[in-house]
Amino acid sequence: MNNILDKSLSELQADFASRSWPAFRAKQIFTWLHKKVTFDFAQMTDLPKELRDELPKHYKLYAPTVTKVLRSRDGTKKFLFTLNDGKRVEAVLLKDNTNRKTVCLSTQAGCKLKCAFCATGGAGFQRDLTPAEIISQVYRIAEGGPDISNIVYMGMGEPFLNYDNVLKSLRLLTAKEGGNFGQRKITISTCGIPDGIMMFADEELQVRLAISLNAATDAVRSRLMPINRIYPLAALREALLYYLQKTGRRVTLEYVMLDGVNDRQPDLKELRKFCEGLDVHVNLIPFNPFGKHFRPSKLQAIHHFLNGLAAAKINAVMRQSKGQDIMAACGQLAGKPL
Ligand code: SF4
C-alpha cells in the first residue's frame with residue numbers, strides 16, 4: 001500500500017478520479033497533510049465519515065517520528081528520527097543571530113560517498129529516503145513550534161543520488177495547496193554529481209544550489225572526496241557553467257577548511273582560478289572535528305583565504321559553526337543513537 005504522504009496533489013486527484021471520488025476531496029486531504037500537518041485520517045473532520053473510513057483501506061499514512069532531541073549550548077537542536085524499518089536519520093534546527101530558523105535535513109540513511117571529513121560517509125550507506133521521510137523532518141520539527149524560515153538539504157546523504165525523491169520532496173514542500181514554502185528559501189547541497197546538477201538546472205525551480213567543493217585541484221579533492229575520481233573538477237566545472245547559464249542564479253561553493261590539507265597558499269591560488277568567470281559565492285567552513293584524520297585550519301589561514309578571495313573580487317564569508325557540542329555541526333551527522 002502506498003504512503004499517501006508521498007503523493008503529489010495531481011497524483012492524488014488521479015487516484016480519486018479512478019475511484020470516482022470527487023477531485024475536491026483530494027485537495028482537502030492534501031491540505032490536511034501538508035498544510036495542517038495532520039497525520040490521522042480520523043481527524044480530517046471536514047471529510048465525510050464514509051471517506052475517512054475508506055481511506056485507510058487504500059493508503060498508508062506514515063511520517064517518521066522524532067525519537068530523541070539534543071540541545072546545544074548555542075541553541076542548535078539535533079533531532080533523531082527513527083524510520084519504520086528501524087533506520088535512523090538526523091536533522092538539525094539552527095538559529096542565527098536574527099532568530100532566523102533553518103532546518104538542515106537528510107535525504108539518505110547514511111551515504112555512499114565516503115568524504116574523508118564527514119562522519120556520515122564513514123558510517124556507510126543504508127538506503128534512500130522517500131519523499132515523505134524527507135519532508136516529515138521539516139513537518140515534525142515545525143510541529144514543535146518554530147516558524148521555519150529556511151531549509152537546507154545538507155544533512156546525511158547526497159541529494160542527487162536520490163534525485164527523484166528529492167525533487168518530489170521539493171515539490172511537496174513548495175506546493176501552493178500544501179506547505180507553500182518559498183523555493184528561494186531552500187538550498188540543495190551536492191558533492192558535485194554533474195548529471196544531477198544539469199538535470200536540476202533544467203527543472204526551472206527557484207531553489208538554490210550549493211556545491212561542496214573543498215579543494216580546487218584533483219589531487220587534493222580526490223583525497224578528500226572519492227567521488228572526484230569519477231567526476232573530476234573539469235566535469236564539475238562544466239556542469240556548473242551549464243547551471244549558471246541556464247538559471248542565471250549564483251551558486252554557493254562550500255569549502256571545509258582543513259589545516260595543512262587545503263588551506264595553503266597554492267590551494268588558495270587554485271581556488272581563485274576555479275572561481276574565475278563563475279558567478280559564485282564561497283563559504284569557508286571551519287572543520288568540525290571528529291576522528292583523528294584532520295585538524296581545523298587556524299583562524300589566520302581562514303582570514304588569509306578570505307582576503308585572498310576578496311582581492312580577486314570573489315564573494316566569500318566564513319560560516320559560523322553551530323552545534324559542535326552535540327555533534328550537530330556540518331559533517332558530524334552519523335545517525336547513531338544519541
Ligand atoms: S559530505 Fe555529503 S556526500 Fe560526502 S559523505 Fe558526507 S553526506 Fe555523503
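In listed order, ligands and their atoms are each counted from 1. Quick caveat, the model's predicted, so the values are computed rather than measured. Counting from 1, the numbers follow the sequence of the chain as shown.
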task = Please confirm whether F160 and F200 have ring centers closer than 6.0 angstrom.
result = yes
Contact partition for C115 relative to ligand 1, non-hydrogen atoms under 4.0 Å = both
key: Where ligand 1 meets G157 - atom numbers and elements under 4.0 angstrom, heavy-atom basis   = 7 (S)
Expected list for residues 19-27: side-chain donor-acceptor pairs under 3.5 angstrom, two or more places apart:
from: R19; atom 1: NE; to: H58; atom 2: ND1; distance (Å): 3.3
from: R19; atom 1: NH1; to: Y59; atom 2: OH; distance (Å): 3.1
from: R25; atom 1: NH1; to: Q28; atom 2: OE1; distance (Å): 2.8
from: R25; atom 1: NH1; to: D46; atom 2: O; distance (Å): 3.4

ask   = Do K168 and D6 meet the salt-bridge criterion of a basic N to acidic O distance under 4.0 Å?
value = no
key: S212 heavy atom under 4.0 Å from ligand 1   = no
Contact atoms of ligand 1, heavy-atom distance to K114 under 4.0 Å = 5 (S)
Listing, residues 270-279 side-chain donor-acceptor contacts under 3.5 Å, not counting sequence neighbours, or none:
from: R272; atom 1: NH1; to: G308; atom 2: O; distance (Å): 2.9
from: D279; atom 1: OD1; to: R250; atom 2: NE; distance (Å): 2.9
from: D279; atom 1: OD1; to: R250; atom 2: NH2; distance (Å): 3.3

